[in-house]
Colleague: 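Below is one structure. I have some questions about it.
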There are 2 protein chains.
Amino acid sequence: MRAALGLAASYPATVSAQTLADAQGMPRKFLEAVLADLRRAGLVQGVRGAEGGYLLRQPPDQITVGSVLRAVDGPLAGVRGMRPEETAYEGTAAHLSELWVAVRSAVRGVVDEVTLAQLVSGRLPARVRKLTATPDAWLPR
Amino acid sequence: MRAALGLAASYPATVSAQTLADAQGMPRKFLEAVLADLRRAGLVQGVRGAEGGYLLRQPPDQITVGSVLRAVDGPLAGVRGMRPEETAYEGTAAHLSELWVAVRSAVRGVVDEVTLAQLVSGRLPARVRKLTATPDAWLPR
DNA sequence: ATCGTTCCTATTGAACAGGTAGGGAATATC
DNA sequence: GATATTCCCTACCTGTTCAATAGGAACGAT
């Protein structure tokens with residue numbers, strides 16, 4: 001996410017991995033591995049050579065947080081290695097799949113509605129800001 | 001979750017680990033490890049001896065899915081080993097913490113609202129059922 | 001030709017998930 | 001009191017993932 005946000009802030013200019021790494025205080029080589037994931041997912045384009053770097057392939061207001069997370073972490077919600085709708089349970093646990101689907105749906109409601117542009121500017125959608133509004137949301141539990 | 005649901009369905013009778021394991025098709029020893037977590041969290045009570053077993057310490061309609069998940073998996077939403085509100089980011093990534101808190105809040109909205117009793121009966125709260133209602137919710141993405 | 005880049009492959013170390021194994025401690029029933 | 005049942009404790013194993021490290025080949029602007 002930090003890599004994607006760095007690129008979003010400079011869009012459409014290219015940014016080198018080194019610059020990005022320095023800005024976020026992380027190893028360049030580690031960042032390169034993440035950027036490779038983003039590139040393979042088609043979110044980012046690499047430009048080789050001096051004055052090269054990386055840039056987003058779409059404007060920051062058209063890339064969702066969800067697509068970034070899926071690019072690097074795979075499917076959002078996994079249950080014992082399976083996707084929620086692939087799970088099946090016996091007897092008293094029969095309705096568990098519905099629960100997992102509901103959880104995934106709730107997560108999607110956040111990450112698929114927030115764009116990189118919104119996150120850089122801090123202007124999150126009203127529905128999302130509502131989730132962070134109650135003081136309870138910031139407390140452990 | 002399967003262990004908790006098995007106990008909820010038989011509440012307030014005790015159920016042996018072996019019975020529970022057979023019903024859900026999982027190794028008894030593995031199940032015992034899970035039940036130990038639930039016991040240490042105060043959700044479950046063990047009764048030793050012949051005719052012993054495990055039982056919930058509260059009625060199934062007073063135990064939430066969230067408390068079960070936290071008992072065995074620890075905090076619901078972790079970001080690089082930290083809780084969402086403990087994260088801090090530099091520069092363009094500054095607003096990331098709000099995103100993580102929103103995600104956790106969305107998850108809590110499901111797991112802290114659903115009880116074991118509801119899950120056994122399949123009667124999930126309206127707000128939760130709404131999340132599973134759209135056909136999209138059951139599709140990968 | 002040279003320098004700054006991306007890009008590829010391989011490796012490490014620590015932590016975790018899921019599962020295995022043996023045996024001690026408690027208790028109901030006979 | 002013996003016995004069977006069951007919880008409970010400690011330790012171990014194996015594979016996978018996460019985060020990071022390392023070296024160097026391919027590429028492109030100057």
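Note that the structure is a prediction, hence the values are computed from the model and not measured. Side chains are part of it too, since the values below use all heavy atoms of this structure and drop only hydrogens, waters and symmetry mates. Throughout, protein chains are lettered first and strands after them, A, B, ... in sequence-line order, and every chain is numbered starting at 1.
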Colleague: Short question: side chain of B:Ser10, backbone of B:Leu7 - any donor-acceptor pair under 3.5 Å?
Modeller: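 Flag not set: sc B:Ser10 to bb B:Leu7 has no pair under 3.5 Å.
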Colleague: Just grab all the side chain to side chain donor-acceptor pair (under 3.5 Å) pairs involving residues 49-62 of chain B, residues at least two apart or on different chains.
Modeller: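 Every pair satisfying side chain to side chain donor-acceptor pair (under 3.5 Å) with a residue in residues 49-62 of chain B: there are none.
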Colleague: Evaluate the side chain to side chain contact (heavy atoms under 4.5 Å, CB included) criterion for residues A:Leu31 and A:Arg28: first the C-alpha distance (whole Å), next the side-chain angles of each, then the deciding distance (0.1 Å), finally the verdict.
Modeller: CA-CA 5 Å; A:Leu31 183 59; A:Arg28 189 190 98 240; 5.6 Å; no
Colleague: Side-chain contact test, heavy atoms from C-beta onward, threshold under 4.5 Å: evaluate it for A:Leu5 versus A:Leu116 and give yes or no.
Modeller: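 Sidechains of A:Leu116 and A:Leu5: in contact.
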Colleague: Can you list, in residue-number order, the parts of residues 88-96 of chain B that come under 4.0 Å of DNA chain D, counting heavy atoms only?
Modeller: none
Colleague: Would you please test A:Val44 and A:Leu55 for side chain to side chain contact (heavy atoms under 4.5 Å, CB included) and show each step?
Modeller: CA-CA 6 Å; A:Val44 150; A:Leu55 75 154; over 6 Å; no
Colleague: Can you tell me if A:Ser67 uses its side chain to pair, donor with acceptor, with the backbone of A:Ile63 under 3.5 Å?
Modeller: no
Colleague: What do the steps show when you test A:Asp112 against B:Arg141 for salt bridge (Lys or Arg N to Asp or Glu O under 4.0 Å), and what is the final call?
Modeller: CA-CA 10 Å; A:Asp112 286 340; B:Arg141 192 162 184 188; 3.1 Å; yes
Colleague: On DNA chain C, reading 5' to 3', which nucleotide is the first and which the last to sit with an atom under 4.0 Å from a heavy atom of chain A, could you check?
Modeller: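 Boundary nucleotides touching chain A, in 5' to 3' order, are C:dG4 to C:dG19.
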Colleague: Can you give one letter per nucleotide of nucleotides 7-20 of chain D, going 5' to 3': B for a protein heavy atom under 4.0 Å from the base, S for sugar-phosphate only, - for none?
Modeller: BBB---------SB
Colleague: Table please: side-chain donor-acceptor pairs of residues 88-103 of chain A below 3.5 Å, with sequence neighbours left out.
Modeller:
unit_1, atom_1, unit_2, atom_2, d
A:Tyr89, OH, A:Trp100, NE1, 2.9
A:His95, ND1, A:Glu98, OE2, 2.9
A:Ser97, OG, A:Thr87, O, 3.1
A:Ser97, OG, A:Thr87, OG1, 2.9

Colleague: Is A:Met82 isolated, or which residues cluster with it under the ILVMFWY side-chain rule of less than 4.5 Å, directly or via members?
Modeller: none
Colleague: Would you sort out whether A:Thr64 and A:Val114 count as a side chain to side chain contact (heavy atoms under 4.5 Å, CB included), showing the intermediate values?
Modeller: CA-CA 6 Å; A:Thr64 65; A:Val114 177; over 6 Å; no
